[in-house]
Protein chains: 2
Amino acid sequence: MLNYESGTKETKGWIVSETEFRTEYQGKAEAIMSLGNGYLGVRSSTEESYLGQVRNLFVAGTFNQFDELEVTELPNAADVIELNITLAGEKFSLEKGNVKEYRRYLNVRNGELVREIVWESPKGKSYKMLFRRFVSLKNLHLISMKVEITPLTEGAEIKIGSGINGQVTNSGVQHFHEGEKRIFDKKYIQFLQQTTESKIDFVINTVHSWKANETEVAMEPRMVMDRRKVFVEGSLNVEKEQTVALEKFSNIFTSRDKAYDNSDYSLEKLRENSLTNLKEEAVKGYEALFSESVAEWEKRWAQMEIRINSEDSFDQLAIRFAHYHLITMTPAHDNRFGIAAKGLSGEGYKGHSFWDTEVFILPFFIYTYPEIARGLLEYRFNTIDGARKKAKDNGYEGAMYPWESAFTGEEVTPVWGAVDIVTGKSTKIWSGFIEQHITSDIAYAVWQYYQITGDQDFMDKYGYEMLFETATFWTSRLEWNEEFNRYHINEVIGPDEYKEHVNNNAFTNHMAHQNIELAISYYNDLKNNHKELFDQLNSKLQLDEAVQKWQGKINMIYLPAPREEDLVVPQDDTYLQKEIIDLTKYKNQTHVGSIFEDYNLEQVNNIQVSKQADIMILFYLLENKFSKEVKRANWNYYEPKTLHDSSLSLSSHCVLACDMDDRELAYALFQQAARIDLGPNMKTSDHGMHTASIGGIWQSVVSGFGGVRMLGGKLRIDSKLPPKWNGLAFPIYWKGDRLEVEVTNSVLTIKNATKNNSEIELSVHGTEYQLLDCIKVEF
Amino acid sequence: MLNYESGTKETKGWIVSETEFRTEYQGKAEAIMSLGNGYLGVRSSTEESYLGQVRNLFVAGTFNQFDELEVTELPNAADVIELNITLAGEKFSLEKGNVKEYRRYLNVRNGELVREIVWESPKGKSYKMLFRRFVSLKNLHLISMKVEITPLTEGAEIKIGSGINGQVTNSGVQHFHEGEKRIFDKKYIQFLQQTTESKIDFVINTVHSWKANETEVAMEPRMVMDRRKVFVEGSLNVEKEQTVALEKFSNIFTSRDKAYDNSDYSLEKLRENSLTNLKEEAVKGYEALFSESVAEWEKRWAQMEIRINSEDSFDQLAIRFAHYHLITMTPAHDNRFGIAAKGLSGEGYKGHSFWDTEVFILPFFIYTYPEIARGLLEYRFNTIDGARKKAKDNGYEGAMYPWESAFTGEEVTPVWGAVDIVTGKSTKIWSGFIEQHITSDIAYAVWQYYQITGDQDFMDKYGYEMLFETATFWTSRLEWNEEFNRYHINEVIGPDEYKEHVNNNAFTNHMAHQNIELAISYYNDLKNNHKELFDQLNSKLQLDEAVQKWQGKINMIYLPAPREEDLVVPQDDTYLQKEIIDLTKYKNQTHVGSIFEDYNLEQVNNIQVSKQADIMILFYLLENKFSKEVKRANWNYYEPKTLHDSSLSLSSHCVLACDMDDRELAYALFQQAARIDLGPNMKTSDHGMHTASIGGIWQSVVSGFGGVRMLGGKLRIDSKLPPKWNGLAFPIYWKGDRLEVEVTNSVLTIKNATKNNSEIELSVHGTEYQLLDCIKVEF
């Protein structure tokens, strides 16, 4: 049903489309074709309503907690997309009558969502309909829509009801107080909402403009106010083959907007400013506003575009699709907000940020948009007090980052999950308590960012403090084991969430170790080379005391190592002793999590089965610490036991397969990974995009096939194109320079497009180079 | 589309049915076929889901206030009605495929809702389906459903998802904290909710039982927990022409239940008791449980049934339909709750009680179920502290009853209403501030109840106090007018709500006067004959002081009288001076309130146009104070200016037409009044039944055509059958005796069926009688 169209020259490889509409698969298109600009996100639900439709409008960072029993979440703001269309007295619905032509597509190049329909009504009258919609990348508050309707059989009265509907909820949870509803000049609708707990004001404005045959028509629509709803209803009579067009412009502003951070705020001002903004925009019309947004998209593409010359044109679309969503889901405008696990495309995971950002998404930004990457790390710095609170609440020191993070950085992981099929009770979610590796993942990302960008200002202001405080957490977290005379980290969940309450998860221990190692190294560096800042931080964070603990403990941390007999690194203390069962059924599953239809979590806990990459992701992040043989041996042991039930799993395996130089396998994994949202499974994206897997697509291409890595502070490029690819070209930013990399099957070219640094040392295919203007490596 | 079927002998005149299903008219069937028992009410939404459907489950008295900006309302509890039915892989929906046979009906005799369907799926496979449902009148907590499905074309897998869904809201407002969700024994689903502000615990239990060809099938269904939702999904394969039956039993209990009033309450106990209750009931099966409920309905009919021998069989159905809803909407089980303006059949008016109860509904109960009438008046006594608070808050004394009343008796009228078409702002609703006649309406009802039932115990405990406190309110409310040297009541809204901020509304002034008059009379009566109680009340309410004010002011109250020139009683000080416009357009309107599409409320305020009966209702309540000539003159003046935009208007006019002896007019009005919900306008009942108009149907029949009235403490029967009626038989209860009245065109028979009183004085057709066993009056 989903198509990746070859299209015209202009749109080739830029279009994701569907050619049949089925309500049971609405969720997929709503999510993967969702529109956004990082400030706001709108699910691409259809204008007309269908059962099962999920209308979502999220504004980044506007978290609200419904009650003490629930965790804070991104609230679903009032809907502006709904249009009730009646054509000569017949209500338009694709479920009625006869759909003679149908195509819905998202153009990822310009962010426009389009539907082209020829609909024959139940009474046999045909209409041509064109729906267009975009969220502006120029004016982050703006949502524009345009509908054109042409009766084909005979003239008709075209009636459209439209407005703002605040009856929407987050699956039944209402996050807003109802505010004032106004209609100004019988035209501009203004709708106020305030979140119930965080008390964030939302102002939404809407205005309509009607045209018949390109001529603006003055309309005095019927006004209808309902509970949490303001609608107007207009109608026009048109002749056969004449066209009625309705343009609808809506904007949304909130008191959490950056403009009101640390500044005088009044609701009156917000109302006035937002209404003025809408008036100024609406007068330009849909086409002009769209051009402004497209111009912004063009800038993005100029900076990030990757070209893949593949036998399968899907691959090129996949990376563009990833780029599109990486831009639309990321609150690049405001360093107080993180990236949500479902972006702004669905209610799943409540808008919270996970390790997905640092481990799966951030690499794209570090290498492509360093200034956005910095903003995302600043978000972690801005929430460090929440992390300190979590550490303190748990009896630890330093900063213990939350497994799920919202606005304050306090832990917001929900405590209860799905039903336990054995007991009939809800399963307890332990991640918020014991999935602790997030803290070292963030430290790791700080280090990567610094090494790749060379952004000393960031380190001085934020980075060092984060590294030190996270290291301090870990040293307070370590548990002394008398028997083995070493430090253990007990009672955790590693990346593999099918193993709860384990001791010495290899990933967790190694990453904690690396975190402390980094702290010691930068402590020394600062003390020796950067005295003033050192003194400042020392007095704030008692570094001289802290370093005693770091140094005193680091060498006594138990780091699970490859077993002599088979080079397998034990995932944790007990994994290798657990029962081995035949997993064929679950490896061949059609939907993730099928094992829970036969076993409950406690039972799964006692089987050698993994949800996702665990050891593999360790190999990827700490690449130099493990040999290729060890990697292969562990792959052979763990992969058959891994169900890839997390969307984070496949792309990690793809990169690892590249590292093992298994290009066919890597390519197969890439194609699977790229289809987590884009693929034929029509139900998996219902609750929103898998943003980590979107970041994973980029990583598969650039870190995997491109072989790009920062190792020991230096750039390494070790490309490994899969057999089906004849070429790959991508940009990376390295310490302020834009490098343009082009790979074919025998030549790798790197051009420094900016030349801010006189020369760059790097390793390409095992050889060290100095990059001045350009180097060309044949292999 | 709605049918009033002749049916078989057994069902003749008992069935309200529809023979075509259209989603745009769902609301009507959901409301008028709604099920209930006064404890709970369930809208008759279909099992399968459609757009626009409103699933409502209300439990009387469980009010909750979402936030400070909204008024308290009856919260919509989790839904148990939804069934997701998949037949051989095709989702069942009447909007798909081909509906070959369809009939949905409510049997008002036994309270069963039935759908008989033959459905041909889009793939051309036919199924016979029978849906049945009832809310038990025996076990007030129980909702039972049964579905039978028979494949007609070929064998099929019948899959049904079912459970409890707490994602429902009141038009987007979520009133519940999410509580624990449990599945016991893989079978019994238990779902907990707690209201957010009033902290009322709700426990809902559900269990399913599957049968194939009458044989119970053990089922281990798939369990699905979602946010605020627990579902199980079972499936069975059946051969062609074999039948799968699913019985679903649900119950609902709350911590507001009478069982927990003034007693030890624990959620644990509530959970346990409710689950035990469900287990005990479910084992009986649908048919046995239904029989238990039908037996209760038979008792109700034995007590209340009215027989109408009319040329139009609709008339008989109309009164039965009214009886059905009067029973299902009334919380007869608990004197802490009032009757909601929409009963328990919709979200309209938020479950609040208005003067509708006392003036339009209570007469039925006083004359038919005195013990229920007493409970309803006790509700007003139980909320008298709220009324005292309202008086105090407004600077008055005594008890000032709220225009809209919920659990505490405090004023809960919302402040903002529909859009003002001129200003674009919400219109302010003034009723809660200045529609004050409710207080004397309640006093009037107390007096009526006492006179008709002779219930001295009620008066001693509650009635006197209510009469005295309401009279005290009125004397504190009166405003001295220097110019006219009399008391005025300024700045009110009378029954005609199209006139706001008026002075000396005739209805308000006369009723206030009557209220004080009653207080003085009972004061004297008590003091002289009932010394002990008098002393008690005197010390509690300072009656000796109060009576000074009553007596000092009563004769100085301005009582608008008929003008000499035309006998017209001015509705208020300015009505007769307002502009007169041509109202033809609005008198012929297809939907109420059409005048607001041309004028805003301020403009309507300045036109001689009335929403509803105002002077007319005064004539009805204080019948003896106005002559027939005055009634006719005012009818001729006001009726042409009355748009009947309130559902309270037509039945009042019907009774008045009877009083004026205009039987054809009265019958025409009766037929209109009876069609407010039951008629062909498919949109008017969307937000719930018009309960006052349901009471009005009974009043039209018994008070209007039956001519029953209490006048000066005596029963009067002055029957006036309309030309199309050949007979009317109805029961009334008079001071503890059941009187059975039968009227034909020439004879009126009254039989005392109980004879608790040795004789009853009454007036029939202008002649005084003493009723011993039976009297027969020929005319």
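Order of the sequence lines sets the chain letters (A, B, ...), proteins ahead of strands, with each chain counted from 1. Computed from a prediction, not measured in an experiment: that's the story for all the values here.
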ask   = Looking at A:Glu95, A:Lys425, A:Arg222, A:Glu597, which one has more heavy-atom pairs under 4.5 Å with chain B than the rest?
value = A:Lys425
message = Just verifying a value: how many Å separate B:Ser426 OG and A:Lys181 NZ, rounded to the nearest 0.5 Å?
response = 5.0 Å
message = Using a 4.5 angstrom heavy-atom cutoff, name the option from B:Arg228, B:Lys96, B:Glu347 with the most pairs to chain A.
response = B:Arg228
task = Could you grab the distance from atom NZ of A:Lys350 to atom CZ of B:Arg227, nearest 0.5 Å is fine?
result = 3.5 Å
task = Let me know if B:Gln53 has heavy atoms under 4.5 Å from chain A in its side chain, its backbone, both or neither.
result = neither
request  = Give the member of B:Asn165, B:Val168, B:Thr169, B:Val173 that has the highest number of heavy-atom pairs under 4.5 Å with chain A.
outcome  = B:Val173
ask   = When heavy-atom pairs shorter than 4.5 Å are enumerated against chain A, which of B:Val224, B:Asn170, B:Ile189, B:Asp226 gives the highest number?
value = B:Asn170
query = Got a sec: does the NZ of A:Lys279 have more than 12 other heavy atoms crowding it under 6.0 Å?
reply = yes
Side chain, backbone, both or neither of A:Leu51 within contact of chain B (heavy atoms, under 4.5 Å) = both
query = Do B:Lys91 and A:Glu24 sit within salt-bridge range, that is, some charged N less than 4.0 Å from a carboxylate O?
reply = no
task = Give a yes or no on whether A:Tyr349 atom OH has more than 12 heavy-atom contacts from other residues, nucleotides or ligands under 6.0 Å away.
result = no
remark   = Filtered by a 4.5 Å non-hydrogen cutoff, the part of residues 70-81 of chain B contacting chain A is B:Glu70, B:Glu73
ask   = Roughly how far, to the nearest 0.5 Å, is the OG1 atom of B:Thr423 from the NZ atom of A:Lys186?
value = 9.5 Å
query = So which part of A:Arg182 gets closer than 4.5 Å to some heavy atom of chain B, the side chain, the backbone, both or neither?
reply = both
inquiry  = Working to the nearest 0.5 angstrom, can you tell me the gap between B:Phe176 CZ and A:Gln174 CD?
reply    = 15.0 Å
query = So which of B:Met223, B:Glu178, B:His175, B:His177 has the biggest tally of heavy-atom pairs under 4.5 Å with chain A?
reply = B:His177
message = Please determine whether the number of non-hydrogen atoms from other residues, nucleotides or ligands lying under 6.0 Å from atom OH of B:Tyr586 exceeds 12.
response = yes
task = Examine whether an atom of B:Asp185 lies under 4.5 Å from a heavy atom of chain A, and if so say whether it belongs to the side chain, the backbone or both; otherwise answer neither.
result = neither
ask   = What part of A:Phe66 is in contact with chain B, defined as an atom under 4.5 angstrom from a non-hydrogen atom: side chain, backbone, both or neither?
value = side chain
ask   = For chain B, which residues from residues 196-208 of chain A lie under 4.5 Å away (heavy-atom distances)?
value = A:Thr196
message = Under a 4.5 Å cutoff for heavy-atom pairs, which residue among B:Glu180, B:Lys229, B:Glu68, B:Gln167 has the most contacts with chain A?
response = B:Gln167
